[in-house]
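Chain letters run A, B, ... following the sequence lines, proteins first and then strands; every chain starts at 1.
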There are 2 protein chains.
Amino acid sequence: MTTTMDGDRSGVPPLTKGERTRRRIMDSALELFGERGYTSVSLRDVAARAAITHAGLLHYFSGKDDLLITVMIDRDKQEIIALQEHIEQLSRRDGRPWTVDDVGLSWLVGQIAANQRRPDLAPLYVKLSAEATEPSHPAHNYFRKRYARLRRTLTGSMARAFATADPPVTGHDPVAAAAQVIALADGLQIQWVLDPDSVDMVASLLGYLRMLGIDPDGWALADEAAG
Amino acid sequence: MTTTMDGDRSGVPPLTKGERTRRRIMDSALELFGERGYTSVSLRDVAARAAITHAGLLHYFSGKDDLLITVMIDRDKQEIIALQEHIEQLSRRDGRPWTVDDVGLSWLVGQIAANQRRPDLAPLYVKLSAEATEPSHPAHNYFRKRYARLRRTLTGSMARAFATADPPVTGHDPVAAAAQVIALADGLQIQWVLDPDSVDMVASLLGYLRMLGIDPDGWALADEAAG
DNA sequence: CGCGTTATCTACCATGCGGTAGATTCTACG
DNA sequence: CGTAGAATCTACCGCATGGTAGATAACGCG
């Protein structure tokens, strides 16, 4: 259900047994949190999916909260790595150094497209970000920071897209547009997860960007999934 | 914390004791679900806020699920009534029969504005709609229907707004635009609930509508709250 | 006022929870 | 191959949960 046990790539880090188990736990946790949210998933649930006892799980994580934030931060790292690799790949292909500002928007759309095809992560973020709204939630601060970071990054991308559009876009505020495109992506995912036929997330996002004066038609949408 | 006990309006239905208790329970439930979501609120929590025992609560509702959907459907009824009253009031004022299509969009914006001022309902819908994403959730079907209804209603409003705009808007699909404006409202609320200073929901919504070619400047935004 | 109905309480149940303690099995390295 | 240390298990704790049973208290109508 998660990953095969012996899929070790040629030799470099032989990955001790404990590390493998830890990974298995984190994979299971990510799946289950996506399926049913944080609060209603028990440590025993996660442990069972990882073929372990819940006491065994607690050998690796100090508690349920620890498991959650560890998993989320790990997701972030993978996301950032994937984005950087994508940028490097593009730069190599075009013999030109692309930046985050250049590819941020197309990356966002690519992520949504990936979610729409292999629907694992969308429910995770939909459920968790809503739960984490409560200040006492263990992931509250994580999500505040995540959204702040996302807005910052996309503000840069938006400004860049405005500047390089043909004709250049002058009437819109990149800060507001960044928050708006994030909101749109989130809201679309809610409707889509509730009823996948009700809405075409990618088309809607691209339409929105075109409305802003940005032309996404030439984008090579990042096709690979996120991690 | 909820309503005062003797706020009975002049006489018509003297409201039996049981009915009053039932109302008190529903009010408490709505508050708590908004504060902490459905799953993590216990019947004892709700009962305590309603100054009753959890067993006493179960005299009125057959179970936790029953309580949830009863409360949500009740909210819907109040929402619809408030909308109709708003329409009638406008029609009386202008001596002209307004319809839902005429006021739908301004109503939506008014609701968001109300949420932004008195932040009770926004967290409720943010948390519940995310939880209800899971098909086994007791409110899953409720939310599917709610969103479908919302899209239908706003599609009409959108078409009307496009037609009556100056100049009339031709390039946009009312169906897609309806889903988009709902998504935008939802997504903005997530960011706003997480960090109220991060985003101006009303300004963002109005900006979006203007971008569509709709001019909301003349709207008399519905100022009163919803329930 | 009397009394049936309704509302509410106390007490209980089985279940599942997060977390801990300590015994036991397995791993991997010298 | 032996053994220290890591990994994992069994067993338990206290607590909260949703729900039930039945006794008791309050209401409100005749």
Verify whether the ring centers belonging to B:His137 and B:Tyr38 lie closer than 6.0 Å. yes

Expressed as a whole number of angstroms, how long is the span from B:Leu57:CG to C:dT10:C1'? 16 Å

To the nearest angstrom, the CZ-P distance between B:Arg36 and D:dT17 comes to 8 Å

A:Thr16 vs C:dT27: side-chain N/O to OP1/OP2 distance below 4.0 Å: no

Go nucleotide by nucleotide along DNA chain D from the 5' end; which of B:Leu43 and B:Gly18 gets its closest nucleotide reached first? B:Leu43

Given atom CD1 of B:Ile52 and atom P of D:dA26, what is their separation to the nearest angstrom? 14 Å

How long is the gap from OH on B:Tyr60 to CD1 on B:Ile25, to the nearest 0.5 Å? 6.0 Å

Atom-pair distance (NZ on B:Lys17; C1' on D:dC29), nearest Å: 16 Å

For C:dT8, does OP1 or OP2 lie under 4.0 Å from any side-chain N or O of B:Tyr60? yes

Phosphate contact (D:dC9 OP1 or OP2) by A:Thr53 side-chain N/O below 4.0 Å: yes

State which residues pass side-chain hydrogen bond (donor to acceptor under 3.5 Å, both in side chains) with A:Asp74; sequence neighbours excluded, sorted by chain then number. A:Arg23

Can you identify which nucleotide, out of C:dT8, C:dG19, C:dC17, has its nearest atom closest to the A:Leu58 side chain? C:dG19

Presence of salt bridge, B:Glu31 and B:Arg36, under 4.0 angstrom: no

Does A:His59 put a side-chain nitrogen or oxygen below 4.0 Å from OP1 or OP2 of D:dT8? no

Distance from A:Leu30 atom CG to A:Gln78 atom CD, nearest 0.5 Å? 8.5 Å

Which of the following nucleotides, D:dT17, C:dT8, C:dC9, is nearest to the side chain of B:Ala55? C:dC9

Write down the distance between CD1 (A:Ile25) and P (D:dA7), rounded to a whole number of angstrom. 10 Å

Should the pair B:Arg93-B:Glu88 be classified as a salt bridge under the 4.0 Å nitrogen-to-oxygen rule? no

If I take atom CD in residue B:Glu19 and atom C1' in nucleotide C:dT8, what distance separates them, rounded to the nearest angstrom? 17 Å

Please give, in whole Å, the distance from D:dG18 P to B:Leu68 CG? 12 Å

Tell me what B:Val41 touches on the nucleic acid: a base, only sugar-phosphate, or nothing, going by heavy atoms under 4.0 Å. sugar-phosphate

For the base of C:dG18, is there a side-chain donor-acceptor partner from A:Arg44 under 3.5 Å away? yes

Looking at DNA chain D, which of residues 127-141 of chain A put a heavy atom within less than 4.0 Å of it? none

Could you note down all residue pairs passing side chain to side chain donor-acceptor pair (under 3.5 Å) where residues 121-130 of chain B supplies at least one of them, sequence neighbours left out? A:Glu134-B:Lys127

A:Lys64 has its side chain closest, among C:dT10, C:dT8, C:dG18, to C:dG18

Considering only heavy atoms from C-beta outward, does the side chain of A:Asp200 approach that of A:Gln116 to under 4.5 Å? yes

May I ask you to verify if any side-chain N or O of A:Ser42 is less than 4.0 angstrom from the OP1 or OP2 atom of C:dC17? yes

Taking the minimum atom-to-atom distance to the side chain of A:His54, which one of D:dA7, D:dC9, D:dA11 wins? D:dA11

Could you tell me how far apart B:Phe61 (CZ) and C:dA7 (P) are, to the nearest whole angstrom? 12 Å

